[in-house]
Number of protein chains: 2
Amino acid sequence: MIPFRLVLQPGIPLHEQVAFAAKKAMMSGRLRPGEPFPSVRTLSRELKIHVNTAQRVVAALTQEGLLEVRPGIGTVVCQPAPARRYDRGRVLGPEVDQLVVEAMKMGLTLEDLQETVEERWRRLQPERAAAKANQP
Amino acid sequence: MIPFRLVLQPGIPLHEQVAFAAKKAMMSGRLRPGEPFPSVRTLSRELKIHVNTAQRVVAALTQEGLLEVRPGIGTVVCQPAPARRYDRGRVLGPEVDQLVVEAMKMGLTLEDLQETVEERWRRLQPERAAAKANQP
DNA sequence: ACAAGTGTACTATGCCGCTTGTTACACCAA
DNA sequence: TTGGTGTAACAAGCGGCATAGTACACTTGT
């Protein structure tokens with residue numbers, strides 16, 4: 001079975017959605033470092049997606065350092081790179097800007113937005129903590 | 001002169017970038033309710049954009065309730081609609097999710113993310129407060 | 001009445017990304 | 001050898017984006 005769910009959404013590239021679902025699974029702990037990642041052809045079959053599209057997902061995740069390729073074997077979830085936080089605001093600046101403007105547009109306060117961010121953060125964290133506890 | 005700046009970024013639809021720049025100007029207070037919005041043909045000339053593209057921007061902002069059209073006259077910045085906050089998390093949920101996952105990927109803590117959000121929020125707010133002070 | 005400005009609609013064209021389809025190659029394991 | 005793995009290349013269809021040109025109904029200022 002595929003280690004993540006996928007609810008199709010129109011207007012967003014398919015390979016992006018799949019890659020994001022995989023990323024989300026990794027961050028939440030449902031896909032832990034060292035575990036095997038579904039093969040390109042398995043992804044293609046289970047998600048009813050063309051092989052080329054699945055390949056594009058694997059390529060993207062590999063380029064981001066989230067997957068490691070064992071030639072002839074398959075791909076494996078990577079150990080997270082040593083946290084390099086020197087930039088921070090610069091990288092996800094535009095994304096935060098867009099979120100802030102959108103929040104202001106609908107009359108939210110800063111506290112409202114902070115609360116929403118915290119809620120979505122904690123929605124992923126518990127599985128992460130449980131995963132760490134089971135593998136010391 | 002155009003009441004907002006525009007730094008072109010590849011990979012993002014042009015009309016989206018212009019619309020976002022306008023939205024940002026409205027939220028920050030550089031474009032206040034009742035003020036005239038640049039005409040389609042003015043936008044086209046100043047931003048070196050085709051009229052159709054500019055028209056698409058005006059149409060989008062109008063549909064979002066940010067611009068009001070006076071036929072034959074032009075468009076005017078709208079009064080913000082009465083704050084309806086009944087949904088909140090549901091609307092901008094996916095955007096927050098993407099931001100959270102991206103932050104986790106680069107080893108940020110929740111506090112790091114919150115701090116970034118607050119910084120970008122306050123970067124727009126001061127102009128907003130100043131605009132309110134000048135028009136009681 | 002006229003000219004100039006406004007938003008809006010329509011068709012057409014070229015470009016580029018997405019997705020699927022197909023075929024092929026190099027690698028490793030049972 | 002057989003079957004599984006990632007990877008590459010090419011082609012085709014589809015749709016969105018941006019440009020281009022033309023036209024219409026409207027209002028304002030002269």
Side-chain angles (χ1 to χ4, degrees), chain A residues 1-4 6-23 26 31 34-78 98, chain B residues 1-3 6-23 26 31 33-78 98:
Chain A
M1 212 47 183
I2 298 297
F4 51 83
L6 182 60
V7 277
L8 289 186
Q9 219 157 355
I12 304 173
L14 191 46
H15 61 90
E16 252 182 56
Q17 299 191 41
V18 178
F20 177 73
K23 255 189 255 184
M26 293 178 191
L31 262 177
E35 286 185 2
F37 192 78
S39 82
V40 176
R41 293 173 179 84
T42 300
L43 283 176
S44 169
R45 192 182 340 111
E46 300 284 328
L47 298 179
K48 290 163 183 173
I49 280 179
H50 196 267
V51 191
N52 289 356
T53 307
Q55 157 64 15
R56 200 165 173 179
V57 173
V58 172
L61 294 177
T62 303
Q63 175 127 6
E64 287 195 64
L66 296 174
L67 288 185
E68 191 180 350
V69 175
R70 311 283 173 79
I73 308 287
T75 60
V76 170
V77 179
C78 250
Q98 189 169 345
Chain B
M1 213 46 184
I2 299 297
L6 182 61
V7 278
L8 289 185
Q9 219 158 354
I12 304 174
L14 189 46
H15 62 90
E16 253 183 54
Q17 299 191 42
V18 178
F20 177 72
K23 256 189 255 183
M26 294 177 192
L31 260 177
E35 284 186 5
F37 191 78
S39 83
V40 176
R41 293 173 178 84
T42 301
L43 283 175
S44 168
R45 191 180 343 111
E46 300 285 327
L47 298 178
K48 290 163 183 173
I49 281 180
H50 196 267
V51 192
N52 290 356
T53 307
Q55 158 64 15
R56 199 165 174 180
V57 172
V58 172
L61 294 177
T62 303
Q63 176 129 8
E64 286 195 64
L66 296 174
L67 288 184
E68 190 182 349
V69 176
R70 311 282 173 80
I73 309 286
T75 61
V76 171
V77 179
C78 251
Q98 188 169 343

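Chain identifiers are assigned alphabetically (A, B, ...) following the order of the sequence lines, protein sequences preceding nucleic acid strands; residue numbering begins at 1 within each chain. The shown structure was predicted, so the numbers you read here are calculated from the model rather than taken from an experiment.
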Checking C/dG7, C/dT20, D/dT19 against the side chain of A/N52 (C-beta onward), the nearest is C/dT20
Report yes if a side-chain nitrogen or oxygen of B/R56 is closer than 4.0 Å to either non-bridging phosphate oxygen (OP1 or OP2) of D/dC17; otherwise report no. yes
Value for CG (B/L43) from CG (B/L6), rounded to nearest 0.5 Å, stands at 10.0 Å
Margin query: Would you say B/T42 places a side-chain N or O within less than 4.0 Å of OP1 or OP2 belonging to C/dT6?
Written below: yes
When rounded to whole Å, the CG to P distance for the pair B/L14 and C/dC15 reads 18 Å
Value for CD (B/E16) from CD (B/Q9), rounded to nearest 0.5 Å, stands at 12.0 Å
Here the distance between atom C1' of C/dG5 and atom CG of B/L43, to the nearest Å, is 15 Å
Review point. Which part of the nucleic acid does A/V51 contact within heavy-atom distance under 4.0 Å: base, sugar-phosphate only, or nothing?
Key: nothing
From CZ of A/R41 across to P of D/dA8 the rounded distance in Å is 13 Å
Taking every heavy atom of A/V77 against every heavy atom of A/L67, the minimum-distance pair comes out as CA-CD2, 4.0 Å
The reported gap from CG in A/L47 to CG in A/L8 (rounded to nearest 0.5 angstrom) is 8.5 Å
Rounded to the nearest 0.5 angstrom, the CZ-CZ distance for A/F37 and A/F4 is 4.5 Å
Rounded to whole Å, CD1 of B/I12 lies from P of C/dC16 at a distance of 18 Å
request  = Under 4.0 Å between any heavy atoms, over every strand shown, what does B/S39 touch: base, sugar-phosphate, or nothing? Just pick one.
outcome  = sugar-phosphate
Here the pair of heavy atoms bringing A/P13 nearest to A/G11 is CD-O, 4.1 Å
Checklist entry - Is there a donor N/O on one and an acceptor N/O on the other, under 3.5 Å, for the side chain of B/H50 and the base of D/dA20? => result yes
Any side-chain to backbone donor/acceptor pair from B/Q17 onto B/I12? Under 3.5 Å, distance only.
yes
Note to self: Using OP1 and OP2 only, check whether a side-chain N or O of A/T75 sits under 4.0 Å from D/dT5.
What the structure shows: no
Separation between CD1 (B/I2) and CG (B/L31), nearest 0.5 Å, reads 9.5 Å
Numerically ordered, the residues 65-73 of chain A set in heavy-atom contact under 4.0 Å with DNA chain C is A/P71, A/G72, A/I73
B/I49 CD1 to D/dC17 P, in whole Å, measures 14 Å
The bend of the helix from C/dA1-D/dT30 to C/dA30-D/dT1, taken between the axes of its five terminal pairs at each end and rounded to 10°, is 20°
Of C/dT20, D/dG6, C/dC18, the nucleotide closest to the side chain of A/Q55 is D/dG6
Taken to the nearest whole Å, NZ/A/K48 to P/C/dG21 is 14 Å
So the side chain to side chain donor-acceptor pair (under 3.5 Å) pairs with at least one residue in residues 41-54 of chain B (sequence neighbours excluded) are B/S39-B/T42
